[in-house]
Amino acid sequence: QVQLVESGGGLVQAGGSLRLSCAASTSIFNFDRMGWYRQAPGKQRELVAEIRRTGRSIYADSVQGRSTISRDGFKNAVYLEMNSLEPEDTAVYYCNVEYRSTTFWGQGTQVTVSS
């Protein structure tokens with residue numbers, strides 16, 4: 001089992017920035033990929049950003065250019081920095097990892113962007 005704990009969510013004004021953190025219970029280099037998803041009220045959960053074991057990262061079109069996913073092997077953590085936040089970014093953000101063909105999820109952290 002892998003435990004994931006997200007933090008860093010909160011209330012921010014439009015145009016502001018946030019840095020989300022996800023701490024893993026084991027070495028992140030065991031994971032095939034790590035990512036951030038989000039789910040807004042009444043909508044499906046969607047991929048925000050993902051980083052592969054190789055270091056290659058991908059982003060949703062909606063956050064491309066204003067978000068950065070990164071990782072820290074010493075802290076066993078993955079981060080999502082988001083800038084120029086918009087009310088449309090309001091959602092619960094979930095950390096997600098794939099480990100030995102199994103997907104694990106964190107409990108989520110709420111991000112609310114006020115206009």
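The first residue of the sequence shown is numbered 1, and numbering continues consecutively from there. Heavy-atom basis, side chains included; hydrogens, waters and symmetry copies ignored.
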As an exercise, state the distance from [atom1] of [X] to [atom2] of [Y], rounded to the nearest 0.5 Å.
| X | Y | atom1 | atom2 | answer |
| --- | --- | --- | --- | --- |
| Ser70 | Glu81 | OG | CD | 7.5 Å |
| Glu98 | Arg33 | CD | CZ | 4.5 Å |
| Asp89 | Ser67 | CG | OG | 7.0 Å |
| Ser17 | Asn83 | OG | CG | 4.0 Å |
| Ile51 | Phe31 | CD1 | CZ | 13.0 Å |

Looking only at heavy atoms, which two atoms of [X] and [Y] are closest? And how far apart?
| X | Y | value |
| --- | --- | --- |
| Leu18 | Gly8 | CD2-O, 3.6 Å |
| Ala49 | Leu80 | CB-CD1, 4.0 Å |
| Ala14 | Pro87 | CB-CD, 4.2 Å |

query = Can you get from Tyr94 to Leu47 by hopping between Ile, Leu, Val, Met, Phe, Trp and Tyr side chains that sit under 4.5 Å apart?
reply =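 As far as the 4.5 Å side-chain criterion goes, Leu47 and Tyr94 are connected within one cluster.
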task = Say whether Val92 and Met34 are linked into one hydrophobic cluster, either directly or through other cluster members, by side-chain heavy-atom distances under 4.5 angstrom.
result =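 No, because Val92 and Met34 fall into different hydrophobic clusters, even though each may have its own neighbours under 4.5 Å.
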inquiry  = Please evaluate residues Glu50 and Arg56 with respect to the criterion salt bridge (Lys or Arg N to Asp or Glu O under 4.0 Å), reporting the C-alpha separation (whole Å), side-chain torsions for both, the decisive distance (0.1 Å), and the verdict.
reply    = CA-CA 8 Å; Glu50 178 179 282; Arg56 179 176 178 263; over 6 Å; no
Answer yes or no: is there a donor N or O on one side and an acceptor on the other, between the side chain of [X] and the main chain of [Y], under 3.5 Å?
| X | Y | value |
| --- | --- | --- |
| Ser25 | Gln3 | yes |
| Tyr93 | Glu6 | no |
| Arg19 | Met82 | no |

Is the shortest side-chain heavy-atom distance between [X] and [Y] below 4.5 Å?
| X | Y | value |
| --- | --- | --- |
| Ser114 | Leu11 | yes |
| Tyr59 | Ile69 | yes |
| Val97 | Thr103 | no |
| Trp36 | Val78 | yes |
| Glu86 | Arg66 | yes |

Looking only at side chains, do [X] and [Y] share a donor and an acceptor under 3.5 Å apart?
| X | Y | result |
| --- | --- | --- |
| Asn30 | Arg100 | no |
| Ser62 | Arg38 | yes |
| Glu88 | Thr90 | no |

key: Tyr79 six-ring face occupied by Arg71 cation (under 6.0 Å, within 45°)   =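 Judged by the rule, Arg71 and Tyr79 form no cation-pi pair.
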task = Please assess Gln107 against Leu4 for the test side-chain contact (heavy atoms from CB on, under 4.5 Å), listing each intermediate value before the final yes or no.
result = CA-CA 8 Å; Gln107 82 288 353; Leu4 304 170; over 6 Å; no
Residues in ring-ring contact (aromatic ring centres under 6.0 Å, His included) contact with Tyr37, at least two apart in sequence or another chain =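 Per chain and number, Tyr37 pairs via ring-ring contact (aromatic ring centres under 6.0 Å, His included) with Trp105.
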inquiry  = Using a 6.0 Å cut-off, check whether atom CZ of Phe74 has over 12 heavy atoms from anything other than its own residue.
reply    =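 No, the 6.0 Å shell around CZ holds no more than 12 heavy atoms from other groups.
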Verdict with reasoning, Val111 to Leu20, per side-chain contact (heavy atoms from CB on, under 4.5 Å) = CA-CA 9 Å; Val111 172; Leu20 305 180; 4.0 Å; yes
